Participant: 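This is the structure, below, for whatever I ask next.
Letters go in sequence order (proteins before strands), and every chain restarts at 1. Bear in mind that the values here come from a model prediction, so they are computed numbers and not experimental data.
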Amino acid sequence: MSVMKFGDAIQDAIAQSMGEDPRIILIGEDIHAYRMKLFIQFGEERLLATPISESSFLGAAVTASMAGLRPIVDLTLVDFIAVAMDPLMNHAAKLEVFSGGKWNAPLVVWAACGGGYGDGGQHEQSLWGWLAHIPGLTVAVPSNPADAGGLMTAAVEHDSPVIFLEHKMLADYWLEWMGGSWRETIHIDVPAEGTVGPVPKKWAAIPFGKAAIRKEGNDLTLFSVGVGVHQSMEAAAVLEKHDVSAGVVDLRSVSPLDVETICNTMAVTGNMIVVDEDYRGFGLSAEVAAVALEAGLKFNYRRVCTNGTIPYARRLEEQVLPNTNRILEAVVDLLDTNLPI
Amino acid sequence: MSVMKFGDAIQDAIAQSMGEDPRIILIGEDIHAYRMKLFIQFGEERLLATPISESSFLGAAVTASMAGLRPIVDLTLVDFIAVAMDPLMNHAAKLEVFSGGKWNAPLVVWAACGGGYGDGGQHEQSLWGWLAHIPGLTVAVPSNPADAGGLMTAAVEHDSPVIFLEHKMLADYWLEWMGGSWRETIHIDVPAEGTVGPVPKKWAAIPFGKAAIRKEGNDLTLFSVGVGVHQSMEAAAVLEKHDVSAGVVDLRSVSPLDVETICNTMAVTGNMIVVDEDYRGFGLSAEVAAVALEAGLKFNYRRVCTNGTIPYARRLEEQVLPNTNRILEAVVDLLDTNLPI
Amino acid sequence: MDYWELYQLMLHSRLFEECVKQLFNDGMISGEMHLGIGEEAIAAGVISQLSPGDALALDHRGTPQLLMWGIEPAALLKEFLGREDGLCNGQGGHMHLFSAEHLSASSGIVGASGPAGVGFALAAKRLRPGTISTAWFGEGATNEGTMMEAWNLAVVWQLPLLFICKDNDYSITTPSQTVRGGHLTEKARSFGLRTLSVNGADIEEVWLGAKEMIEHTRSGHGPVFLHARCRHFENHFIGMQSARMANNPLKEIIPLVPGITKALFRRGGVPFSERLRNVGATLGVAASSKSESQAKADDPILRTRFKLAAEDANRLTGLEDNIQAEIQRVLNEVLSSNNALEKIR
Amino acid sequence: MDYWELYQLMLHSRLFEECVKQLFNDGMISGEMHLGIGEEAIAAGVISQLSPGDALALDHRGTPQLLMWGIEPAALLKEFLGREDGLCNGQGGHMHLFSAEHLSASSGIVGASGPAGVGFALAAKRLRPGTISTAWFGEGATNEGTMMEAWNLAVVWQLPLLFICKDNDYSITTPSQTVRGGHLTEKARSFGLRTLSVNGADIEEVWLGAKEMIEHTRSGHGPVFLHARCRHFENHFIGMQSARMANNPLKEIIPLVPGITKALFRRGGVPFSERLRNVGATLGVAASSKSESQAKADDPILRTRFKLAAEDANRLTGLEDNIQAEIQRVLNEVLSSNNALEKIR
Ligand SMILES: Cc1ncc(C[n+]2csc(CCOP(=O)(O)OP(=O)(O)O)c2C)c(N)n1
Ligand SMILES: Cc1ncc(C[n+]2csc(CCOP(=O)(O)OP(=O)(O)O)c2C)c(N)n1
Ligand SMILES: [Mg+2]
Ligand SMILES: [Mg+2]
C-alpha cells in the first residue's frame, strides 16, 4: 500500500495497463499537455492529440476498438459529450445487440465531471444518470484514489463501452487548472478523504456493479457516488452525534447498479436518501428508488440532487448542488424529527 | 368537433398557428416533401429545407428563437438528436438560467419516436425520459389526435424550448412511409383510438403538466404516454373481465409531470405500474415512482419498459418493447394473483 | 481489370437486390429498405481491389459492398428476414449489418460512416500495416459535421483510408445542389484530401480511379477521396411514397386531394397563385424521383453487358444463367428453411 | 476610419481586462477566465462598424466585443463577481454572457457560436432587413463539425452573416497547424464563403477588411469570412499552468519532478532516450505559451499608440487618462457596492 492523489491514481493505473497491453491508446485534445506523465512514458504513438472535433474522434474510437485497439478517449469534460453523443448512443452502445452478440466495442470514455468551483452550467454537469439511461453503457464514478485506479483498470479491461467519470473536486490537477491551488485566496470545498488515499501496489480491476458500504447504519441509508459520498459521510458524522445512525453506500458504478446492496440496506433501515449530483429528475436518484420498489420493499424516500441548471456564482451554485446541509435537511424532513442541525 | 387523423391534427394545429403568427417558421430536411400541406399553404419562405446537418440547424433555431422568430425544427426521428444534442442541452435548455431569467428560447423540436414496425434500434427509440432529465426542457408525448393538436398548439405558444414527440404508430403518414399501409401483407399493431379521433373546431393549447385520466380504477393504476396508453387501456379492459379495476393515466407531458394526479391516484389504488416505451433504467418509469415516494406515499410498483437496445426482427422487438401481454404479466406479478390471462 | 469478373460481381448484387425487393414487397422484410441498385459499379470497382484485412465502414445502403466483399448471401437474406440464423441473428437488420470477420460495419445514422472509417484506418495503420479502410457514404452525408471532421482527422493522422462518396444528387427528396455551399470535391480537397471524380456508372472509370486512389493510400501517402456520380433506380428506399406517386398517380395522389384542397383555400399563408406553384413544387418531387429511376442509360450493368455481349455472347449467357441459378438456389435454401414462412406479423 | 475612436475602444477593453485579471488573481472571480487581450483590434475593427439591430454570437472569449458593443462595464464586472446585479444576475458568468437588448449571446462550447450566428442572421434577414449577424470564434473551433455545418447553412440560406475567425495559432496548448488538414481560409472558401485574411494586430487592416466584408453581407450578397491573425498575451486563460511554468519554472516544475521521474523509469513504454525527448516536448508547451505571451510586437494597442503619439501626444495622454479614470471609477463603483467584498468562498 502506498498513498496517492486521485488523479495520479487514475493515470498510474492507465500506465500499468498501457505497459502491459500495447493495444491501449489514449486519444484527446491537448493530451500531450494534460497527461504529461503518460506522454513521457508512452509518447505520441500511444497518446494521440486531436483537433477539437469530439464527434469524429469518439466515433473513430468506436471502430478502432472494434478492430482490435483499446482506445481511451479523454473527453476533457463530460459536458462536451453533447457534441459527440451519437457515436456513444447509437453506435458503441448498440453494437453488441445489432451484431447479434458477435462484436463489441471495448472503449473507455474518460471525462471529468461535477461542479463546485464556479464555472457555470456548461462545464459542471455530472450526467451519469443520463448516460446510464442508454442500454449498453457502463458508467463508473469513483470517490477515492483506490477506487479511481481500480475502476479505471476494470474499464480498460472491459469488453464493452465504459464511461469513466472523474469528479473535478477530487482530482488535484483540475483544481490546479481552475486556480484552486495557486490562488491562495480561493476556497473550494474539497473532500480530503477523496483526494488522497491509500492505493494497492499493483492495480487490480474493481468489478462494476459492486457498491462499497462506507458506513453501516440502522436508521437510514444515504446512497451516493463521487463527491456526494463524502458529503454523505460528513452528514452521517453529524447525525451520529444526534444518535441517528446513518449508513452510507458508495455505489461506485451507476450502471450497473448494485441492486443487492441497495435492497439489503433498505430492508434494514427502511429510509432512503439518494445524494446525486446529477440532475434531480429522471436519473440516478429515481432509479435507486425504483429498483428497491421493484424488489417489493417499502421505505421512506428523499433525494438531494442538482436542482436545475447550475448557475455561475459560487453562492448560487451552492444552493443548487447537493451539500451536507441539504442532506441534513432531507434527513430531518424524512425522519420528521427536530434534530437541531 | 370533427374527426382527424393524428398526423393531420398536428399539421392542422401548426397551420392554424402559422396563419395567426408570421414569426413561426418550420425548419428541417425534406420539409417540402414531408409537410406537403403546410408547404402548399405557406411556401418556402416559411418552410426552410436544410442540408443534413442537424446540429447546425437546431443550433441556428435556438438563436433565431432568441431573436424573435418562432422556429419549429422538424428533426424527422428523435434518434437523430444524438448528433444535435448540444444546442438543446447546453444552449436552449440553459439560456433562461444563464441570462438571469432575462432571455429565453421559444423553439419547438418536433420529432417522431417509437417502435413496433421492425426498423431497428437506431430508428425506434423513444428517449422522452432521457430528454426530460435536462432541466429547462419541456417534453410532450400525445396519445391521440386531439391531444396532438392541442399540445402542439401549446408548444408553439410556449416561451421556452419544447420537445414534441409524435409516435410513429399513431401518425398515419409514418406508416405510409414504412409501407404499413401499402404492403397489404404487412401487419403492424396500430391502436385505432390513437390514430383517428375527434378534434376541436379551433385548436387551443392543452397545458403541459396536466395528465388525463383515461379510465378510473380502484385496484391499480397504469401510467403511460403515447402508444403505451392504448396498450394500458387494452390491458385494463382485459382486467375488467377478471374483476380487477385498473385505472389508466395518460401523462401527456413527461416534463413537467403531473405530480398531483400521480399522487392522487396512488393514494387510492396503492398499486403503480408504469408503461414506458423509453428505456427501463434512469427514466420516466423510475421518476413517476420517485415523485410519489417523495410525497410520502407507499405503494407497490412494477414497470413495463423497453428492455435494452431494440433489435430489428419484429418477433424480437416485440419481446423488448412494452405490449399488452407484458402489462398483464406485470399486473399478475404485482397483485400476486393467478388471473388466467 | 477483368470485365467479366466485375460484371459477375455487379450482376450478382443486382439480382440479389431484385430478390430482396420482391421479398420486401411481399411483406417479408420490415423497415426502410435502401437498395444499392444503380451503385454496383462503384462497389465492384472498389471492393474488387481490396485485400484481406481491409475494412468497410458503410452507411444505410451497403448490401452490394457486403455481398462483393464475401458475406454469404444467405446470411444477409436471413438477416433481412429477421431470422435467428441471419448474419446478426436478426438483431441488426438491413441498416445495421456487421461482420467482425470481414471488418465491416454499417450505420443508419447519416455521416457516421466517416468517423467509422477513420477508426478502422487507425487500427489498420497500427495493427495491420499495409491494410486500408474504406468509408462509404452519399453526397447528402457530406453536409454532416461529423463527416467533415472525419476528413480532417484522417488527414491529420495521415491514415490509410479511402473515402467513397456515391453521389446520386439526392438525399431522400432533396436535390443536394440546393443544400450545398461550394463544390463537393473542392471542399474535400481543401481539407488536404487527394480527390478524384469519376462516372460511377462506368465500371472502367471507377476501377481505374479506385486503383489509383487505393495504391496511393495503401502505400502510406495519406487519405484519398473518390467521388462517383450515380443514379438510384429504386429511389431512396423501396416503395417511397413519391416514387409510388410517379408510378401510380391516380391511386397515390387521389387520397391526398382533400388535404391539398384544404391547404389551397385555408385562411392565412401565401397568395393562391403561389400555393398553386407550391403544389407543383411538392408534387414535382415525385416527378423527379421518377426521372431518376428512368435514367436507365446510367445503369452500370447494362453498359457493361453491352460490351461483353459484343465480346462473347455465349459466355455472357452462361455466366448470367449461373448467377441467376445461384441466387435462386440461395432464395430456395433460405425460404425452405424459413420456419415461419410467414409475413411480418 | 477614426484611429482615435478605435484606440479608445481598444484601450478601454484592455484596461478593463487588466482589471479583471487582477480581480481574478485576487480570488474574486471563479472559473476559467479567458481574456481577449491581444484581440482588441479585431473586436474594435468589426464592432465599430456595426449598426443597431446587428447581433453578436460569441465564444468563451467575448469580453472585448461586449464592452465595445455598449454593454455597461459595471454590469460585466458585477457578473464576473457573481453578483445579483450583474448582467445575468450572476447566473451566467464570464463564459455565458447574454444580453437580449444587445442581441448578444456567448457560449463555452467550442464551435457553438457558428450555428448561433446563423440563427441570428436568419432572424435578421426575416425580421430586421438591413441588419447583420456576426459569429466569433478561434481557429481551433473551425475543426468542429457544427462550425463547418454552419458555414454551409449560411451559404445555402444566403444570410447576412460575418464569420470572424480570430486565429492565434493555438487551441489551449495545441498548435492548430498540427491538427488541421488543408488551409483554413481555402477551406472556408470551398464552402462558397467570400473570405479575407488580415493581420489582426493592425487596426487599419482589420477595419478596412471588416468594412468590405460587412458591406458585402449587409447588402445581401451572402455570408463572408474574415480571418484575422493575432496573439493572446494572457494565454488560453489566466493562470494556465503551462504559462505559470514558463514564468516561474522553479515553483511550478519542481512539484512535478517526482511524477516525471517515475514516468521516465517506469517499466513499459518507449525507450529512455525517447522519454527524454517527450519531457522536452511536453514542457515545451510551456515555452511556446511563453513565447506567445512575449510577442509584444504583435500588440495592436502598442502599434496604434505609436502612431497616435506621433500625431498628437497631448491628446493621447488626455485620452488615456480619461479611460484610466473611467475604468477606475467603474471598479470603485462596483467594489464599493460589493456587499460581501469577500473572496470566493
Ligand atoms: C443523422 C441523420 N439524419 C437524417 C437521417 C435520415 N436520412 C436517412 S438517409 C438520408 C439521405 C442520405 O442521403 P445521401 O447521403 O446522399 O445517401 P443516399 O440515400 O442518397 O444514398 C437521410 C436524410 C439519418 N438517417 N441520420
Ligand atoms: C466542444 C468543446 N470541446 C472542447 C472544449 C474545451 N476548450 C475550451 S476553449 C478550447 C480551445 C479553443 O481554441 P480556439 O477556438 O482557437 O479559441 P481560443 O481559445 O484560442 O481563442 C477548448 C479545446 C470546449 N469548451 N468545448
Ligand atoms: Mg444521395
Ligand atoms: Mg485559438
Side-chain angles (χ1 to χ4, degrees), chain C residues 109-118 121-122 126 137 139-159 161 163 165 171 174-195 197 217 221-225 227 270, chain D residues 109-118 121-122 126 137 139-159 161 163 165 171 174-195 197 217 221-225 227 270:
Chain C
I109 303 295
V110 170
S113 59
V118 170
L122 184 64
R126 306 177 73 94
F137 47 88
E139 85 299 333
T142 64
N143 292 322
E144 276 286 3
T146 203
M147 176 61 73
M148 295 185 274
E149 289 183 3
W151 300 347
N152 189 57
L153 204 53
V155 171
V156 167
W157 286 344
Q158 281 294 296
L159 296 177
L161 173 51
F163 291 107
C165 177
S171 59
T174 303
S176 289
Q177 312 276 9
T178 64
V179 290
R180 179 196 303 134
H183 184 271
L184 180 47
T185 48
E186 248 171 56
K187 209 182 271 187
R189 207 155 41 239
S190 81
F191 285 78
L193 291 165
R194 186 187 179 106
T195 71
S197 208
T217 199
H221 293 98
V224 290
F225 186 98
H227 173 253
V270 297
Chain D
I109 303 295
V110 170
S113 58
V118 171
L122 185 63
R126 305 177 72 94
F137 46 88
E139 85 299 333
T142 63
N143 293 321
E144 277 286 3
T146 203
M147 176 61 71
M148 296 185 273
E149 289 184 2
W151 300 346
N152 189 57
L153 204 53
V155 171
V156 167
W157 286 344
Q158 282 294 296
L159 295 177
L161 173 52
F163 291 107
C165 177
S171 59
T174 303
S176 288
Q177 312 277 9
T178 64
V179 291
R180 180 197 302 134
H183 184 271
L184 179 47
T185 48
E186 247 171 56
K187 209 181 270 187
R189 206 152 45 237
S190 80
F191 284 77
L193 290 166
R194 185 188 180 106
T195 71
S197 208
T217 199
H221 293 98
V224 289
F225 186 98
H227 173 253
V270 297

Participant: Less than 4.5 Å to any heavy atom of chain C: does that hold for the side chain of D/E144, its backbone, both, or neither?
Facilitator: both
Participant: Could you tabulate the donor-acceptor pairs under 3.5 Å formed by side-chain atoms of residues 177-185 of chain C, not counting sequence neighbours?
Facilitator:
unit_1	atom_1	unit_2	atom_2	d
C/T178	OG1	C/P175	O	2.6
C/H183	ND1	C/T185	OG1	3.3

Participant: Counting heavy-atom pairs under 4.5 Å to chain D, which of C/V156, C/L153, C/T146, C/L193 comes out on top?
Facilitator: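 Between C/V156, C/L153, C/T146, C/L193, the count favours C/V156.
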Participant: What distance do C/M148 atom CE and D/T142 atom OG1 have between them, rounded to the nearest 0.5 Å?
Facilitator: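 C/M148 CE to D/T142 OG1: 12.0 Å, rounded to 0.5 Å.
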Participant: Nearest 0.5 angstrom please: D/E149 CD to C/M147 CE, how far?
Facilitator: 11.5 Å
Participant: With a strict 4.5 Å heavy-atom criterion, list every residue of residues 109-116 of chain C that contacts chain D, or say none.
Facilitator: none
Participant: Measure the CD-CD distance between C/E186 and D/E186 for me, rounded to the nearest 0.5 Å.
Facilitator: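 If I round to the nearest 0.5 Å, the distance is 9.5 Å.
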Participant: Counting heavy-atom pairs closer than 4.5 Å to chain C, which one of D/S190, D/A188, D/G192, D/G222 comes out on top?
Facilitator: D/S190
